[in-house]
Q: 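Quick one: structure below, then a few questions.
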There are 4 protein chains.
Amino acid sequence: MRSDDVADPAARRHHGNRHGRSEHARRAVLEAADDLLVEKGFAGVTIEAIASSAGVAKQTIYRWWSTKTDILLDAFLQDAAEDLAVPDHGEVGADLRDYLSSLTHFLTRSDAGAVLRALLGQAQHDPAFAAVLRARFLDEQHDRDRLVIERAVHRGQLPADLDVPAEVDQLVGPIYYRLLVTGDRIDEHFTDRLVAAFLQRAGRS
Amino acid sequence: MRSDDVADPAARRHHGNRHGRSEHARRAVLEAADDLLVEKGFAGVTIEAIASSAGVAKQTIYRWWSTKTDILLDAFLQDAAEDLAVPDHGEVGADLRDYLSSLTHFLTRSDAGAVLRALLGQAQHDPAFAAVLRARFLDEQHDRDRLVIERAVHRGQLPADLDVPAEVDQLVGPIYYRLLVTGDRIDEHFTDRLVAAFLQRAGRS
Amino acid sequence: MRSDDVADPAARRHHGNRHGRSEHARRAVLEAADDLLVEKGFAGVTIEAIASSAGVAKQTIYRWWSTKTDILLDAFLQDAAEDLAVPDHGEVGADLRDYLSSLTHFLTRSDAGAVLRALLGQAQHDPAFAAVLRARFLDEQHDRDRLVIERAVHRGQLPADLDVPAEVDQLVGPIYYRLLVTGDRIDEHFTDRLVAAFLQRAGRS
Amino acid sequence: MRSDDVADPAARRHHGNRHGRSEHARRAVLEAADDLLVEKGFAGVTIEAIASSAGVAKQTIYRWWSTKTDILLDAFLQDAAEDLAVPDHGEVGADLRDYLSSLTHFLTRSDAGAVLRALLGQAQHDPAFAAVLRARFLDEQHDRDRLVIERAVHRGQLPADLDVPAEVDQLVGPIYYRLLVTGDRIDEHFTDRLVAAFLQRAGRS
DNA sequence: CAATAACCGAGACGGTACGTCTCGTCTTACG
DNA sequence: CGTAAGACGAGACGTACCGTCTCGGTTATTG
């Protein structure tokens with residue numbers, strides 16, 4: 001039998017099989033890409049470096065991904081999945097403050113945030129990739145950004161005729177602006193102020 | 001003297017001289033870089049391509065610039081200088097609407113705007129370049145963004161204790177957000193709404 | 001021996017059995033290798049190409065052969081077996097003229113001859129393969145080359161003290177020389193002249 | 001033009017110039033190819049290995065040569081130039097014995113001979129290269145092979161109607177045959193016997 | 001007449017070398 | 001001394017095969 005293999009399935013080397021790819025290789029590539037970005041910067045992320053530091057053949061990478069940004073996007077999506085929960089305490093102000101604060105933390109402190117910055121940078125150079133990035137992450141994220149407000153509207157805490165997309169842009173726009181353009185620190189004072197301005201607008205409209 | 005170069009720059013080949021650098025070469029490089037970016041995209045801007053399409057030797061480029069983004073930044077600064085005038089009609093609302101509208105036009109419609117997007121993209125990949133970009137353009141632009149509001153404060157049209165930097169981020173942040181992240185259209189309706197929200201905040205504070 | 005293999009299993013598809021290999025796969029591989037050499041040249045003979053055009057798994061090839069030249073050698077030996085009969089009319093001159101003429105035809109006209117050329121080429125690059133080629137074909141062929149003369153010596157038509165190996169090298173050497181080095185045409189006039197020279201030497205010695 | 005290079009080619013490092021290639025790089029490549037063939041065999045001669053052991057960039061190799069056999073041919077021609085002098089003592093027999101003996105030594109003992117074997121091997125795999133090899137070496141060598149006999153014919157020592165090409169093939173053919181096919185030792189006894197057979201034929205014809 | 005064992009096609013794997021591309025440096029010759 | 005030209009060392013690119021390995025299926029012999 002293969003009791004050894006079965007006993008420790010993670011440890012054993014996977015050298016190919018008939019139906020499907022190596023999970024081991026897939027993970028090693030994504031982790032290597034992630035690590036390289038954080039340690040060496042975007043220029044340090046080369047297919048050769050990924051292959052070599054993942055202990056994987058280049059051809060194995062090319063079999064499953066087309067570009068290095070494709071790899072980084074996969075790595076990012078895997079990491080980002082759990083980190084962007086939308087809070088629901090039932091109170092708009094608190095939820096928004098909470099959400100913007102954790103969004104900020106994600107963007108500026110986590111490795112995944114660094115990867116996203118790199119991907120957004122690449123999107124500026126490559127319209128085709130920009131479209132992919134939107135389709136595979138940004139649109140979904142945009143929905144998430146809307147969620148707190150939409151729930152409040154649903155609960156009757158906010159006016160029904162609120163122009164949600166425009167309001168969301170005014171809430172998160174300044175955060176991305178500081179992240180991508182000015183590089184200024186984004187603290188809770190700043191995000192709280194954004195929420196306050198929103199509530200003021202929404203209360204009056 | 002440069003009269004020859006200026007009089008008939010195309011005809012006379014400039015193969016070196018004893019009196020400093022060639023203005024002809026400088027211009028040809030900046031224009032070539034600009035054109036290549038617009039026509040072929042950022043990936044099409046290589047030092048070799050610039051040299052070849054400017055009719056200039058690679059070494060001449062390396063003598064005066066270090067990287068291709070350095071060239072693009074020079075090209076951008078030259079183009080951007082005149083295009084970002086700050087209006088002063090004496091009325092904050094009108095001035096801001098005017099300013100944001102022309103800023104938007106600059107960012108989304110002009111070739112220089114395309115170059116800036118590329119430079120901002122590169123800044124996400126390269127912290128050193130991000131610092132240079134801030135020092136040579138963004139800080140100055142940030143000052144310009146503040147100008148309309150500061151003038152109004154000075155005139156007594158806006159409260160003196162206004163947190164100008166934070167307000168500016170809320171005004172232009174959403175614009176850059178759409179430019180760099182969502183790719184959504186930025187029309188006058190959107191910029192006018194930003195101004196309205198600002199006036200509402202400022203009037204109350 | 002291989003008589004079993006050749007004898008038994010018929011033309012039906014063979015997808016595995018407990019004892020013994022698939023004759024179908026064996027033949028398909030040898031034919032594919034042969035065809036590829038003739039159609040695409042030596043560089044076109046790759047294990048992957050053989051496997052794919054024989055409809056066989058790579059592993060099946062590696063189970064039975066070690067290198068592509070090993071395959072070509074098997075293919076060659078199978079083809080060559082019948083084509084190199086040694087004539088025996090009882091007259092040395094006629095036999096030799098006949099033999100050299102058919103040897104030349106085999107070397108320059110047949111597909112098997114093309115394969116042998118490739119194998120001899122490989123033997124120049126790889127001493128280990130050169131040894132194998134000698135053991136599995138050239139020594140035997142050398143014996144065949146000797147046969148006509150030895151029979152004549154036996155019959156008393158040629159002197160008993162003839163240095164047969166040296167004479168054989170002078171008979172066939174020029175043929176291989178033209179085949180492998182100069183590429184000159186080898187016609188009957190040339191082979192007849194070789195025989196004439198031999199008879200002259202043998203008559204005198 | 002190149003007088004500088006020719007004057008002092010060895011000493012200075014040459015990292016590029018406007019008109020013409022680096023003699024230093026050229027020599028390093030040819031020597032590296034030669035050494036690799038002798039030390040590691042034909043399979044050990046790879047462009048990467050040559051580049052690395054010559055301290056040269058791959059692109060520099062590809063700029064001037066197309067294939068590894070092209071490099072080996074250049075290396076061979078440079079080495080072979082001086083080693084194949086044709087003797088002229090005024091006596092056919094002595095000259096031929098001398099010539100065949102030194103030819104044999106060149107083919108079987110020298111590094112250049114090993115390279116030639118490899119090139120002849122490659123020629124069996126690649127008709128295009130075979131043509132190049134003939135044009136750049138074999139034809140010339142064939143002329144050299146004829147020279148001793150032609151001089152003797154000219155001196156009246158041999159019949160004027162001698163079929164020189166066919167005679168040459170009978171003289172050198174057996175040597176190449178042993179070199180390329182049988183691998184048998186080629187000693188002076190063998191080459192002297194070839195000469196003796198030739199003289200016998202020529203004397204009678 | 002099931003269980004087993006050897007062989008089959010398929011194809012993913014870690015690798016090596018390929019030939020191409022661009023980089024940034026260096027040397028030369030000209031004006 | 002700045003220029004145009006362009007060869008150079010370096011190294012990443014994406015591709016082609018290499019030889020190894022696993023997988024699931026097929027069949028003949030065995031228990």
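In what follows, chains are A, B, ... by sequence order, proteins preceding strands, each numbered from 1.
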Q: Take the protein atom CD of A:E23 and the nucleotide atom P of E:dC13, then report the distance between them rounded to whole Å.
A: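 Interatomic distance, CD of A:E23 to P of E:dC13: 11 Å.
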
Q: Look at atom CZ of A:R27 and say whether more than 12 heavy atoms of other residues, nucleotides or ligands are closer to it than 6.0 Å.
A: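 No, because the 6.0 Å sphere around CZ of A:R27 holds 12 heavy atoms or fewer from other groups.
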
Q: Are the side chains of D:L73 and D:W65 in contact, using a 4.5 Å heavy-atom criterion?
A: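 Contact flag for D:W65/D:L73 side chains = no.
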
Q: Among E:dC13, F:dA4, F:dC17, find the nucleotide with the atom closest to the side chain of A:S22.
A: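 Comparing E:dC13, F:dA4, F:dC17 against the side chain of A:S22, the answer is E:dC13.
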
Q: Using a 4.0 Å heavy-atom cut-off across all strands, classify C:W64 as base, sugar-phosphate, or nothing.
A: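 Touches sugar-phosphate only.
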
Q: What is the separation between atom CZ on C:F42 and atom P on F:dC17, rounded to the nearest whole Å?
A: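 So the two atoms are 14 Å apart, to the nearest Å.
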
Q: Among F:dC17, E:dA12, E:dG14, find the nucleotide with the atom closest to the side chain of A:R21.
A: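 Taking heavy atoms from C-beta onward, the closest nucleotide is E:dA12.
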
Q: Please verify the inter-ring angle class for D:H125 with C:H125; under 30° counts as parallel, over 60° as perpendicular, anything in between as tilted.
A: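 Ring orientation, 0 to 90° scale: perpendicular.
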
Q: Would you state whether a donor and an acceptor, one from the side chain of C:Q59 and one from the base of F:dC21, lie under 3.5 Å apart?
A: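 Such a pair is found, so the answer is yes.
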
Q: Mapping C:A51 and B:V45 to their closest nucleotides on DNA chain E, which lands nearer the 5' end?
A: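 Upstream on the strand: C:A51.
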
Q: Has the side chain of A:Q122 got a donor or acceptor atom that lies under 3.5 Å from a matching backbone atom of A:A118?
A: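 No, the answer is negative, given that no donor and acceptor are paired below the 3.5 Å cut-off.
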
Q: Specify the separation, in whole Å, of atom CG of C:L36 and atom C1' of F:dC17.
A: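 Computing the C:L36:CG to F:dC17:C1' distance gives 14 Å.
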
Q: Separation of B:K68 atom NZ from E:dT22 atom P, in whole Å?
A: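 Distance check: B:K68 NZ to E:dT22 P gives 11 Å.
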
Q: Roughly, in whole Å, what's the span from CH2 in B:W65 to P in F:dG2?
A: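 Between P of F:dG2 and CH2 of B:W65: 14 Å.
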
Q: For B:A25 and C:A49, find the nucleotide of DNA chain F closest to each by heavy atoms; which residue's nucleotide sits nearer the 5' end?
A: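 Looking at the nearest nucleotide for each, B:A25 comes out on the 5' side.
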
Q: Nearest nucleotide by nearest heavy atom, which residue falls closer to the 5' end of DNA chain F, B:A54 or D:A54?
A: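 The residue closer to the strand's 5' end, by nearest nucleotide, is B:A54.
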
Q: Tell me whether B:R26 forms a cation-pi arrangement with B:W64, defined as NZ or CZ under 6.0 Å from the six-membered ring centre and within 45 degrees of its axis.
A: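 No, B:R26 does not sit over the ring of B:W64.
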
Q: Could one point to a donor on the side chain of A:K58 or the base of E:dG14 with an acceptor on the other under 3.5 Å away?
A: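 Result: no qualifying N/O pair found.
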
Q: How many Å lie between NZ on C:K40 and C1' on F:dA16, as a whole number?
A: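 In whole Å, F:dA16 C1' lies 14 Å from C:K40 NZ.
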
Q: Pick the closest DNA chain E nucleotide for C:T60 and for B:I47 by heavy atoms, then say which residue is nearer the 5' end.
A: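 Whichever sits nearer the 5' end wins; that is C:T60.
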
Q: Just compare F:dA4, F:dC18, E:dG14 and give me whichever is closest to any side-chain atom of B:A57.
A: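 From the listed options, F:dA4 comes nearest.
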
Q: Find the distance C:E48:CD to E:dA10:C1' and express it as a whole number of Å.
A: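 Rounding to the nearest Å, CD of C:E48 and C1' of E:dA10 are 12 Å apart.
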
Q: Starting from P on E:dC8, measure out to CZ on C:R26 and report it in whole angstrom.
A: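 From C:R26 CZ to E:dC8 P: 12 Å.
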
Q: Heavy atoms from C-beta onward define the side chain here; which of E:dT20, F:dG14, E:dT22 lies closest to that of A:Y62?
A: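 For A:Y62, the side-chain atoms sit closest to F:dG14.
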
Q: Identify which nucleotide among E:dC8, F:dC8, E:dA12 has an atom closest to any side-chain atom of A:R63, counting heavy atoms from C-beta outward.
A: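 Among the listed nucleotides, the one closest to the side chain of A:R63 is E:dA12.
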
